[in-house]
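Note that ligands are numbered from 1 as they come in the structure, with each ligand's atoms numbered from 1 the same way.
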Amino acid sequence: MAIERTLSIIKPDGLEKGIIGKVLSRFETKALKPVAMRMQWLSQREAEGFYAVHKARPFFKDLVAFMTSGPVVVMVLEGENAVAKNREVMGATDPAKAAPDTLRKDFATNVEKNTVHGSDSTENAKIEIAYFFRDTEIQTYAWKR
Ligand code: IDP
Ligand code: MG
């Protein structure tokens with residue numbers, strides 16, 4: 001398996017619930033190492049651009065409103081098979097369908113306010129990481145644990 005990077009976002013509901021630490025702890029426990037991180041309040045334009053692929057979906061307008069309703073934490077996670085691993089840790093989009101012990105099962109409110117975003121492919125991970133971070137904002141450090 002290859003070392004990959006993926007984009008993760010803790011969505012506004014995650015910040016409102018006060019679980020930034022709990023989410024980060026899951027990632028660290030599952031060997032997903034944060035290598036870039038920033039708290040940011042997305043503008044309408046930034047949220048629309050990020051979710052442009054969903055522009056035609058009926059939930060797009062509400063999704064953009066939700067994602068701009070408060071600050072988010074954007075981060076890059078690095079690790080073996082990080083893209084798929086992060087999707088596993090997150091669980092299904094709809095928390096009602098998410099597996100036990102996943103972030104969305106444990107913390108999400110509903111299919112929209114589902115606490116975390118994670119890239120869905122290595123190609124999209126590259127695009128999404130570049131959407132938020134310059135190369136110089138991504139750090140390299142080793143875990144000694
Ligand atoms: P994902 O986040 O699991 O990759 P996507 O299908 O890419 O799911 O959808 C992006 C985001 O749009 C979801 O995380 C969720 O916040 C929102 N969303 C997806 N499907 C629905 C829906 O049916 N109703 C409302 N919001 C939705
Ligand atoms: Mg998606």
Validation row: [X], [Y] side chains within 4.5 angstrom (heavy atoms):
X: N86; Y: F27; answer: yes
X: I19; Y: T115; answer: yes
X: E137; Y: F132; answer: no

* Asked: Is there a heavy atom of L63 sitting under 4.0 angstrom from any atom of ligand 1?
  -> yes
* Please verify whether a non-hydrogen atom of M67 lies at under 4.0 Å from ligand 1. => no
* Asked: Do K11's NZ or CZ and the ring of F66 fall within the cation-pi criteria of under 6.0 Å and 45°?
  ->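 Verdict for F66: no cation-pi partner in K11.
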* Structure fact -> Note: R26 and D106 closest approach over all heavy atoms is NH2-OD2, 2.7 Å
Looking only at protein heavy atoms, which one is nearest to [atom], and what is the separation?
atom: atom 16 (O) of ligand 1; answer: E112 O, 2.8 Å
atom: atom 15 (C) of ligand 1; answer: V111 O, 3.1 Å
atom: atom 3 (O) of ligand 1; answer: T93 OG1, 2.5 Å
atom: atom 9 (O) of ligand 1; answer: H54 NE2, 3.5 Å
atom: atom 25 (C) of ligand 1; answer: F59 CB, 3.5 Å

* Asked: Would a hydrophobic clustering, with Ile, Leu, Val, Met, Phe, Trp and Tyr connected at side-chain separations under 4.5 Å, put I10 with V83?
  -> no
* To do: Give the ring-plane orientation class for H54 versus F59, where under 30° counts as parallel, over 60° as perpendicular and anything between as tilted.
  => tilted
* Classify the angle between the aromatic ring planes of H117 and F50 as parallel (below 30°), tilted (30 to 60°) or perpendicular (above 60°). => perpendicular
Which is it for [X] and ligand 1 at heavy atoms under 4.0 Å: side chain, backbone, both or neither?
X: M90; value: neither
X: N114; value: side chain
X: K113; value: neither

* R104, any N or O under 3.5 Å of ligand 1 N or O ->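 There is such a contact, yes.
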* Asked: Do any nitrogen or oxygen atoms of R87 lie less than 3.5 angstrom from nitrogen or oxygen atoms of ligand 1?
  -> yes
